[in-house]
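Quick notes on the structure that follows.
Both ligands and their constituent atoms are indexed starting at 1 by order of listing. All residue numbers in this chain count up from 1 along the given sequence.
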Amino acid sequence: MPEGHTIHRLAEDYLAAFGGRGARVTSPQGKFGDAAALLDGSVLTGTQAHGKHLFLGFGPGRWVHIHLGLFGKVGFGATPAPPPTDTVRLRLVNDTAYVDLRGPTTCALITDDEKHAIHDRLGPDPLRPDADPAAAYRRVARSRTTIAALLMDQKVIAGVGNVYRAEVLFRHGIDPYRAGKDLGAAEWDAIWADLVDLMREGVRNNRIDTVRPEHTPEAMGRPPRVDDHGGEVYVYRRADLPCHICGGEISTADLAARNLFWCPACQRS
Ligand SMILES: [Zn+2]
């Protein structure tokens, strides 16, 4: 599943390609057909992301709410647009660009009130300027759940996925199995600040890089990572490989229904 930086990047890309101009709005697959007919010809006035939720604004009180889920994909291209396949849920087209949305978990036309309700059930998002990290810490500090699971809980903090949770815990030397209630406020503040920086860089580069300058392939004289997720990381999908810092083996285990990766030597309780 894409992490929050991907959704924020999509918000920027939709706005750059379609903002301020009228667009043809269609649903070649038909599932969004009625809403697409209502929106056809209207102007994309703004876009937002909150965690893994994307919102496309088409004038007052009209938002297209998109959640990609596990299988959703967005593809941009230049016009002329090719004939759409019948898997395209939502297509926008203008004079210069088109964008196709396929396979989302959610693609729905919603009101302001419905949008507020979505924001209300999500935790703060490190990529949003209105985010309040203290609100997340209040939930973390009273929980017996592991910090690795809390970081994946979208009600606690929105937008962090499996890569960022593993990497940020490694960068701060924190045992992923430590309970939330045992995490100090200063530790949380450091994690939050780091997530803001890492995820902003993720939006800029459209990929996740988490290694510090002294641990890049060039600095360490090691070959670059080969992985379809791209990006240089410390632990994510590096099970049984040597840790870039201590040389010990990276471990993996199932946690919160996803594979967790960590270095048992560098991350102590
Ligand atoms: Zn290590």
Donor-acceptor under 3.5 Å (R128 side chain, P124 main chain):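 No; zero donor-acceptor contacts below 3.5 Å.
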
R102: side chain to side chain donor-acceptor pair (under 3.5 Å) partners, not counting sequence neighbours: T85, T87

Qualifying residues under side chain to side chain donor-acceptor pair (under 3.5 Å), relative to E114, sequence neighbours excluded: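 With neighbours one apart ignored, the set is T111.
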
Worked check of salt bridge (charged side-chain N to carboxylate O under 4.0 Å, His left out) between R222 and E232: CA-CA 11 Å; R222 62 177 173 84; E232 283 294 332; 3.0 Å; yes

Salt bridge (Lys or Arg N to Asp or Glu O under 4.0 Å) contacts in which one or both residues fall within residues 142-161, not counting sequence neighbours: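 Qualifying pairs, neighbours excluded: D153-K155.
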
Shortest non-hydrogen contact between T79 and V93, atoms and distance: CG2-CG1, 4.0 Å

Protein N, O or S atoms lying under 2.8 Å from the Zn ion (ligand 1), listed by chain and number: C243 SG, C246 SG, C263 SG, C266 SG

